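Notes follow the structure.
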Amino acid sequence: MSESEKLLVVKDLATTFATAGGLVPAVGGVSFDLERNETLGIVGESGSGKTVLSRTIMGLQPRANVTVTGSARVNGFEVVGASEKEKRQIWGTEVAMVFQDPMTSLNPVMRIGKQIDEALRVRMGMNRAAARARAIELLELVGIPSPAQRYDAYPGQLSGGMRQRVVIATALACSPKLLMADEPTTGLDVTIQAQILNLLDELKDRLKMSVILVTHDLGVVATRTSRIVVMYAGRIVETGSTREVFYHHRMPYTRALLESSPKVSNHPHTRLATIPGRPPNLLKLAQGCSFAPRCAYATDRCHQERPELQPAAEPGHSFACWNPLPTTRGVAAP
Amino acid sequence: MTDTRQPLLRVQDLTVTFGHHHHAVSAVAGVSFEIYEGETLGLVGESGCGKSTTGKALMRIVEPSSGTIELGGVDITEQNGRALRNARTHMQMIFQDPISSLNPRRRVKDIVAEPLDCWKKVRGPERDAMISDLLSKVGIDPAVYGNRYARQFSGGQCQRISIARSLAMRPKLLICDEMVSALDVSVQAQILNLLEDLKAEYGLTLLFIAHDLAVVKNVSDRVAVMYLGKICEIGPADALYEAPAHPYTKFLLGAALEADPDSPMHSQVLEGEPPSPMNPPSGCRFRTRCPNATERCAAEEPQPREVAPGHQVACHFPLSITRK
Amino acid sequence: MSNVANEFSLLEETLLIEKPEKTEPLGILFWICVGWIGVNVLAAILANVLPMKNPLFEDYNAINVGPGLHHLFGTDDLGRDIFSRVVFGSRVSIAVGVGAMVIGFGVGAPLGMLAAYKRGRFDTVLTTFMYVLLAFPAIIATIAVLSFWTPRALLKIIVVIGLASVPLVYRVIRTATLNVATKDYIIAAKVQGATDRRILIKELLPNIAPIGVSFLLIGIATVITLEGALAFLGLSVNPPTPSWGNMINEARTVLAQNPWLVIFPSLALCLFLLCLNFIGDRLRTHFDVTEVKL
């Protein structure tokens with residue numbers, strides 16, 4: 001598939017914050033792409049830059065002292081360097097975002113139906129009646145029972161799960177081709193989490209859109225994505241098909257992350273593998289591999305020189321490591 | 001079996017009601033369980049099920065409306081003033097939010113020493129040595145970090161300091177309320193391992209409250225599942241996870257997200273949301289969402305009954321237990 | 001996309017930046033302000049022993065003299081030295097400001113802390129009572145009381161303004177305490193066996209003190225302005241005792257002929273208030289540990 005047909009192409013994207021303490025490379029040069037009708041997972045711990053990356057792709061730059069370089073093309077539209085006015089052309093119609101906290105991303109003093117209406121009337125030029133009909137349709141689409149009555153409800157009258165459904169409906173109002181979901185289920189209960197993830201899956205197929213799931217939870221991406229990107233300290237350290245990354249990962253960080261998450265199948269008092277230390281301070285990033293200080297396999301080279309992404313055996317799978325784990329596929333390590 | 005051991009904590013018919021008259025909400029509606037010496041009891045459930053309130057009621061941070069809480073044979077619901085403060089030192093609690101658990105304007109050393117200073121158990125060099133020892137035990141270097149303020153630490157470190165503080169009075173029972181849910185995966189594993197180590201070293205008994213089923217399974221000997229203010233199932237961790245007897249437990253486990261692409265997808269997702277605790281359903285509280293519910297479930301509240309040794313379920317139609 | 005704006009702040013939280021071990025310095029301007037306040041307070045205290053002219057001495061040989069070597073700020077229409085009157089006048093202003101706030105904080109702060117910590121009926125009753133007082137226009141009440149409570153002495157003015165400020169102080173301290181009292185570390189202290197007294201002093205007070213101190217400074221400034229306004233209405237200390245307020249009041253009739261009479265006390269008042277407000281504000285941000293320092 002040629003690059004122009006891809007829905008999202010990100011090349012060397014870097015987001016740097018200028019702070020009182022110095023420059024913070026929140027995203028330090030990231031490249032990946034996304035096919036149409038695909039679900040991609042972006043996984044990382046706090047400080048990995050996953051949230052900043054998703055917002056940079058959206059073109060949301062919070063403050064004046066942020067520098068963005070590289071390129072992010074959403075359906076052919078270059079987000080980096082675009083003006084607010086230009087970006088407004090793609091917000092909602094090409095790309096929309098679902099935020100983590102449904103309480104703060106909905107206006108608490110506005111009826112939920114009106115919040116969906118707003119986008120429809122302003123962006124799609126619908127009249128009042130048509131917008132209302134469409135909003136109720138959207139509420140029904142995201143599985144809100146008796147949508148016509150709920151149209152007049154305020155966000156505070158809905159439960160967390162219902163609010164997140166409303167947020168999704170708002171995001172879908174102008175039929176975006178890419179839905180960016182930033183920790184969409186964090187803070188929701190287990191059973192509600194499953195409902196929302198199933199809903200996103202279903203909507204993706206029904207509306208023929210692509211979804212990017214940004215999360216810290218490997219459980220969220222395991223069964224919901226076709227490919228995943230693992231981030232650490234603002235960079236991609238491993239990427240590939242979900243199964244490949246889970247079962248044939250080469251980067252020690254990916255393995256450590258997988259092994260340190262508790263599993264339901266573990267017996268009580270199972271000792272968990274841990275990663276020593278904590279995620280790095282972005283103000284004091286070492287010149288070599290950012291994970292080297294916590295890595296059991298680190299050598300001098302890891303501390304000196306930063307590894308770039310290199311292809312693994314399976315097409316599409318690559319990792320950034322000088323001393324990768326032995327492949328489980330019987331291919332010699334480079 | 002567990003019966004031969006001595007229960008350290010015996011909770012009977014614990015009820016916690018907030019508000020008055022027709023605004024009253026029973027966050028905890030008659031909960032009974034025991035925790036045996038040296039074991040870890042996991043308490044799981046979704047938000048609003050009353051698991052955190054149960055933990056707080058045990059410490060009497062919130063006042064129980066009725067029921068008894070016996071710690072080592074002494075009913076602490078009848079104690080007040082100094083006796084209550086004294087009883088509380090046998091139990092300690094670790095909270096969910098690591099940052100807000102520590103006073104940002106106090107030094108780490110003073111925070112950990114607070115319980116000792118309250119009771120004036122030890123003074124001077126002996127006190128300092130004890131604090132240094134506690135901090136080293138949780139992996140915080142007392143020489144380097146002891147004099148820093150709590151606000152300078154990350155979530156994981158704050159939780160370590162909280163643990164050190166809770167151990168200062170050598171409590172028998174430690175109540176962990178969602179203590180790792182605000183932490184990153186890699187830090188979470190460190191804290192869980194630390195907790196296991198300290199449990200062995202200090203001979204602790206734990207009540208581990210969490211919403212994360214995987215985390216609970218990893219630390220608990222027995223697990224209790226709460227729904228809408230009541231315990232619906234309690235049993236040995238392995239048995240309960242392998243063969244849940246209550247339909248709700250089964251759904252809860254089915255919804256758990258396993259970090260494994262080959263884990264079964266959520267074929268059976270529990271529909272709807274829990275009813276409001278202000279107006280709980282009659283009979284069995286789960287019946288409004290239960291696929292197996294009958295008229296009997298609406299009419300009659302199921303009482304806990306034993307389905308296997310040490311495995312109790314409050315359901316009229318428990319799922320048959322077939323061990324693989 | 002109207003929801004986007006409030007998400008911006010989230011970004012800052014997601015950046016893992018080691019928290020600074022030392023807070024940034026207060027800055028030179030802060031210390032200049034502190035110095036100025038210090039000089040004023042010292043001068044007010046030591047006014048009697050300083051080599052200055054008697055502020056009440058009427059020198060008929062030097063009436064309405066402009067600023068010069070002999071009379072630094074000039075003299076008024078009775079030949080009194082403006083410089084020494086400004087210095088002596090600061091005594092009244094500072095005494096009223098500090099005294100009233102001592103009463104306001106002495107009564108309002110402990111009540112506010114207790115109410116927010118204890119909650120329940122005690123809090124409800126007390127807060128309702130304070131809000132009733134707040135609803136009553138304090139300035140009019142002050143004027144009314146001072147008009148009838150004669151002869152007006154410094155102490156009476158302090159007591160009246162101090163009592164009038166109690167509900168304000170109460171409200172600020174109670175709100176500040178409420179924010180802290182719900183934190184887990186307060187519960188943690190409780191379950192470790194700390195007594196209420198210990199929690200109030202060791203856990204709550206250090207967290208409220210910065211807000212209290214900055215509000216105290218701004219409160220002093222407000223009271224000094226109020227004293228000025230009362231003096232302007234002729235309700236402050238009786239002449240010939242100087243205060244910044246009544247100096248400005250007395251001089252307004254001769255403003256065109258002798259502007260020095262207004263300019264110097266006004267300048268003293270303005271500088272003093274400016275410094276107090278600046279110090280208060282700077283301290284508040286300095287001690288605000290929750291503020292993101294990026």
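Sequence lines set the chain letters: A, B, ... in the order given, protein chains first and strands last, and positions in each chain run from 1. All values reported here derive from a predicted model rather than from experimental measurement.
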Residues [X] and [Y]: side-chain donor-acceptor under 3.5 angstrom:
| X | Y | result |
| --- | --- | --- |
| B:Arg160 | B:Tyr145 | no |
| B:His211 | A:Asp189 | no |
| B:Gln96 | B:Ser181 | yes |

(message) I need the contact set between residues 158-166 of chain A and chain B: heavy-atom distance under 4.5 Å, sorted by residue number.
(response) A:Ser159, A:Gly161, A:Met162
Is there side-chain contact between [X] and [Y], with heavy atoms separated by less than 4.5 Å?
| X | Y | result |
| --- | --- | --- |
| A:Leu272 | A:Pro262 | yes |
| B:Cys158 | B:Ser101 | no |
| B:Glu233 | B:Leu240 | yes |

(message) Test of understanding: with side chain to side chain contact (heavy atoms under 4.5 Å, CB included), list the residues that count as partners of A:Thr186, not counting sequence neighbours.
(response) A:Gln100, A:Glu183, A:His216
With a 4.5 Å cut-off on heavy-atom pairs, point out which of [options] contacts chain A the most.
| options | result |
| --- | --- |
| B:Asn193, B:Val185, B:Val187 | B:Asn193 |
| B:Leu213, B:Val216, B:Asp221 | B:Asp221 |
| B:Ala237, B:Gly42, B:Ser47 | B:Ser47 |

(message) Any carboxylate oxygen within less than 4.0 angstrom of a Lys/Arg side-chain nitrogen, looking at B:Lys51 and B:Glu178?
(response) yes
Contact part of [X] toward chain B, heavy-atom cut-off under 4.5 Å: side chain, backbone, both or neither?
| X | answer |
| --- | --- |
| A:Gln193 | side chain |
| A:Ser265 | both |
| A:Pro276 | backbone |

Output the option from [options] having the highest count of non-hydrogen pairs under 4.5 Å with chain B.
| options | answer |
| --- | --- |
| A:Asp217, A:Thr191, A:Val220 | A:Thr191 |
| A:Thr270, A:Val264, A:Thr274, A:Thr242 | A:Val264 |
| A:Val221, A:Asn266, A:Ile275 | A:Asn266 |
| A:Leu218, A:Val190, A:Thr225 | A:Val190 |

(request) Give a yes or no answer on whether the side chain of B:Ser220 reaches the backbone of B:Lys217 with a donor-acceptor pair at less than 3.5 Å. (result) no
(request) Could you check whether the rings of A:Tyr253 and A:Tyr232 sit parallel, tilted or perpendicular, using 30° and 60° as the cut-offs? (result) tilted
(request) Might you confirm whether atom CD of A:Glu140 has over 12 heavy atoms from other residues, nucleotides or ligands at distances under 6.0 Å? (result) no
(request) Run through A:His317, A:Glu244, A:Glu38 and flag the one making a side chain to side chain donor-acceptor pair (under 3.5 Å) with A:Arg227. (result) A:Glu38
Heavy-atom distance under 4.5 Å to chain A: side chain of [X], backbone, both or neither?
| X | value |
| --- | --- |
| B:Glu196 | side chain |
| B:Gln190 | both |
| B:Leu192 | side chain |

